[in-house]
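Here is how names work: the chains are called A, B, and so on, in the same order as the sequence lines, proteins then strands, and each is numbered from 1. Note that these values count all heavy atoms, side chains included, but never hydrogens, waters or copies made by symmetry.
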Amino acid sequence: MKFSIKSSDKSSNARAGILKTGHGVIETPIFMPVGTAGAVKAVQIPDLSNDTKAQIILGNTYHLYLRPGLDIIEVAGGLHKFNGWQKPILTDSGGYQVYSLANTRKLTEKGVVFQSHIDGSKHEFTPENVMDIQRTIGADIIMAFDECTPYPCDYDYAKNSLGITHRWLDRCITQFDKTEAKYGYKQMLLPIVQGSTYKDLRLKSAEFIASKNTEGNAIGGLSVGEPHEMMYEMTDLVCGILPKDKPRYLMGVGTPENLLESIALGIDMFDCVMPTRNARHGIIYTAEGIINIKNEKWKNDFSVLDAKGTSYVDQQYSKAYVRHLFAANEILGGMITSLHNLAFYLWLVGEARKRIIEGDFTIWKNAMVKKLSSRI
RNA sequence: GGGGAGAUUCCAGAGCGGUCAAAUGGGGCAGACUGUAAAUCUGUUGGCGCAGCCUUCGGAGGUUCGAAUCCUCCUCUCCCCA
């Protein structure tokens, strides 16, 4: 697995690259749709692949471990065979659940004991077994077990947490190195920079992570409620330290605007539930701004969903019809908007890539950002 | 023809003398959502010159300091028996 930079932007730190994985090549910058439980919610594999142009999707260690369970996935021959997605997959380690399910887990130096949100049973996750689980799931890219700290987070907590995340990383690497991929293709392990919103902790973490010389690096613990400027500041700081010749993955980000600004700072990979979750809640993202398709003003608007959209749903359905589907609680509504949003996100990063290669990224980005966050 | 029940804010449906512009649910309107416990959650839903006032609980009268709540008549629904 290799990362190569095809083109670097001259007026920013943006780059266009290629990442080779066990299931093919990923062109960066890239957005990775989130498929927590082995499915990108409301989207079928052929649409995901052919219509949205997704190149890689996510799965989640905690969720897949609890259901369907490792026995099922192993018998299936790994997640790719189980869900039918034959392109690259990345699995999150459960580090985000340490944050999002904070009320039902206990964290110690050894690891985390989660109380299942499904049946209340207890399950211990350690850096070691999280590597083993991700070996069994069989994602092409797997993540180190970390603690995603909340925001706000006091300094002492963040510092202590960072120590744990770093020590867990060493244990992850040890375990990863002494185990092998199960399904005939290589997996790569990415470590995660933490440190909350503290510059010194972020710097220290980035240096530590960089020293591991892994095939790529991730930045976590951001986009958890802090102001966007703070997120950009931390991202910029960390990108300055992480090696340039390795892909950088900003976890859990973000809005279309966040993506473009972070690409400018040197980020290559993103994932976020926003395009899919918000789609199911009636929000669609377009090059002209954000639309809440449930709003009354679309009731009699029979224009196509997104005249400039790249998905077939954009020309196939009218705004009034999609609004009706939401009003009628028809499941098709969320399917249409999910497909649209993913296609838009993939178009956005694809366009960014093109502009980086052509050399007018920053001009294009600045013009786009103004429109992206406006409400239509 | 005889007997009974009931008419409440967009709908359903509580309330049964003051704490009622009126519970709760639905519907409507709007908002939130960033490595997914999320097809979820939150707010709002008579009017206005809005810490107050005005108009509302089928209609018209009445009792009372005070009525959606009690009384009288009227109108209309629904159920049972013939």
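Rounded to the nearest Å, the gap between the P atom of B/rU19 and that of B/rA68 is 9 Å. Using atom C1' as the reference point in both B/rC48 and B/rU55, the two lie 11 Å apart (nearest Å). Comparing the P positions of B/rG17 and B/rG6 gives a spacing of 15 Å, expressed to the nearest Å. Comparing B/rG52 with B/rU72, their P atoms sit 38 Å apart, to the nearest whole Å. Using P as the reference atom, B/rC33 and B/rG27 are 24 Å apart when rounded to the nearest Å.
Ion pairing of A/K212 with A/D170 is present here, as a side-chain N (NZ or NE/NH1/NH2) and a carboxylate O approach within less than 4.0 Å. Of the charged side-chain nitrogens involved, none lies within less than 4.0 Å of a carboxylate oxygen, so that A/D268 and A/R248 do not count as a salt-bridged pair. A salt bridge links A/K199 and A/E233; the closest N-O separation between the charged side-chain nitrogens and carboxylate oxygens is under 4.0 Å.
For A/H117 and B/rU36, a side-chain-to-base donor-acceptor distance below 3.5 Å is absent, hydrogens and geometry of angles not being considered. Judged by distance alone, with hydrogens and angles left aside, A/T276 brings a side-chain donor or acceptor within reach of the base of B/rU36, the pair sitting under 3.5 Å. The base of B/rG35 sits with one of its N or O atoms less than 3.5 Å from a complementary donor or acceptor on the side chain of A/D146.
In this structure the side chain of A/I164 reaches within 4.5 angstrom of the side chain of A/E109, judged on heavy atoms.
Contact annotation: A/S93 side-chain N/O to B/rG35 OP1/OP2 distance is not under 4.0 Å. In this model, the phosphate group of B/rC29 is approached by a side-chain N or O of A/R323 to a distance below 4.0 Å at OP1 or OP2. The phosphate of B/rA32 has neither OP1 nor OP2 within less than 4.0 Å of any side-chain N or O from A/R280. Between A/N292 and the phosphate of B/rG31, there is a side-chain N or O to OP1/OP2 separation shorter than 4.0 Å. Here A/Q97 reaches the OP1 or OP2 of B/rA37: one of its side-chain N or O atoms lies under 4.0 Å away. One finds a side-chain N or O of A/T36 lying less than 4.0 angstrom from the OP1 or OP2 phosphate oxygen of B/rU36. Look at A/N278 and you won't find any side-chain N or O under 4.0 angstrom from OP1 or OP2 of B/rU34. Residue A/R277 places no side-chain N or O under 4.0 Å from the OP1 or OP2 atom of B/rU40.
Comparing A/K297 and A/T104 by the nucleotide of RNA chain B that holds the closest heavy atom to each, the one mapping nearer the 5' end is A/K297.
The side chain of A/C272 sits closest to B/rG35 out of B/rU40, B/rU36, B/rG35. Here the side chain of A/K41 is nearest to one of B/rG35, B/rG28, B/rA39, namely B/rA39.
Within 4.0 Å (heavy atoms only), A/L90 reaches no atom of the nucleic acid at all. Residue contacts for A/N258: at a heavy-atom cut-off of 4.0 Å it reaches a base atom on one of the strands shown. No contact: A/G334 has no heavy atom under 4.0 Å from any strand.
Nucleotide B/rA12: paired with B/rU24 (Watson-Crick or G-U wobble, both distances less than 3.5 Å).
Note on ring orientation: taking the six-membered ring where Trp is involved, the planes of A/F145 and A/W168 are parallel (angle under 30°, cut-offs 30° and 60°).
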